[in-house]
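Let me begin by presenting the structure, written as structure tokens, before commenting on it.
A note on names: the letters A, B, ... follow the listed sequences, proteins ahead of strands, and every chain is numbered from 1.
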Amino acid sequence: KNQVEQSPQSLIILEGKNCTLQCNYTVSPFSNLRWYKQDTGRGPVSLTIMTFSENTKSNGRYTATLDADTKQSSLHITASQLSDSASYICVVSANTGGFKTIFGAGTRLFVKA
Amino acid sequence: EPEVTQTPSHQVTQMGQEVILRCVPISNHLYFYWYRQILGQKVEFLVSFYNNEISEKSEIFDDQFSVERPDGSNFTLKIRSTKLEDSAMYFCASSNYRTGGNYPGELFFGEGSRLTVL
């Protein structure tokens, strides 16, 4: 069954610190993996997208990694800011020619001053 | 920057009533989607729409749901007879390429329409 699991479920860090969020997936055949940021009550906003051949992608202070062999991805946030407080969602698409995207439950990040 | 817009932002309805949620996708995009997020739960795929027809739908998208692109710019989701469990945030999204495949399209989401069924 195609699944996306994220950890931790929630995380509290101090402003200025770094953190790493994890995503494990069982989607097959794999097409791409995306990380989104979702503020409470808002729509998800894309951070990165990686295909099978890519193992790292950066977007400002956000760096995503992908290990397609172990089916794991991570999102590293550097020098966190209060505005980074949000849910971070891992989304995986299968390469079946279809359109379905499978969402993880997200990691809720709280950045404290 | 182009964006996906959704109306209404919040709708309250009585159980059994019909609801239409509206979306204006990004103008040069070809693929359109509806997703649902029940409060506190993960986002779930409902349906994708391409070339004026449904290309894929999930188990959630039963006969109570329908989608339409009535005029070349709007993309609507209709729920014929709402149930309490339809209460959720509904997100519209669009992309210029399909989300799977070797050249996946960037998926842009609207801000959502919150549906409350009483």
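- Y35(B) and I102(A) sit in two unconnected hydrophobic clusters of ILVMFWY residues. Membership requires side-chain heavy atoms under 4.5 Å apart, directly or through other members.
- Atom CG of N51(B) has more than 12 heavy atoms from other residues, nucleotides or ligands within 6.0 Å.
- Under a 4.5 Å side-chain heavy-atom criterion applied to ILVMFWY residues, the cluster that includes V24(B) comprises that residue alone.
- By the salt bridge (charged side-chain N to carboxylate O under 4.0 Å, His left out) test, E85(B) is found to be paired with no residue, residues two or more places apart in sequence or in another chain being considered.
- Between chain A and the options Q37(B), Q6(B), E44(B), the largest number of non-hydrogen pairs under 4.5 Å is found for Q37(B).
- Heavy atoms of other residues, nucleotides or ligands lying less than 6.0 angstrom from CG of L118(B) number more than 12.
- The contact list for residues 36-44 of chain A toward chain B, using heavy atoms and a distance under 4.5 Å, reads Y36(A), Q38(A), G41(A), R42(A), G43(A), P44(A) by residue number.
- W34(B) and I54(B) end up in the same hydrophobic cluster when Ile, Leu, Val, Met, Phe, Trp and Tyr side chains are linked at under 4.5 Å.
- Considering every non-hydrogen atom in both I49(A) and E106(B), the closest pair reads CG2-OE1, 4.3 Å.
- With rounding to the nearest 0.5 Å, the separation of CZ in F103(A) from CZ in F45(B) is 10.0 Å.
- More than 12 heavy-atom neighbours from other residues, nucleotides or ligands sit within 6.0 angstrom of NZ on K71(A).
- Transitive grouping of hydrophobic side chains (ILVMFWY, heavy atoms separated by less than 4.5 Å) keeps V19(B) and V12(B) in distinct clusters.
- Both L75(A) and L66(A) are assigned to one and the same hydrophobic cluster, defined by single-linkage of ILVMFWY side chains at heavy-atom distances under 4.5 Å.
- Residues of residues 105-113 of chain A placed with any heavy atom under 4.5 Å of a heavy atom in chain B are listed by number as A105(A).
- With a threshold of 4.5 angstrom between heavy atoms, L39(B) does not approach chain A through any atom at all.
- In this structure, no portion of V92(A) lies under 4.5 Å from any heavy atom of chain B.
- Note on F32(B) and F65(B): same hydrophobic cluster, where clusters join Ile, Leu, Val, Met, Phe, Trp and Tyr whose side-chain heavy atoms are under 4.5 Å apart, directly or indirectly.
- Between T101(A) atom OG1 and Y33(B) atom OH the span is 8.0 Å, to the nearest 0.5 Å.
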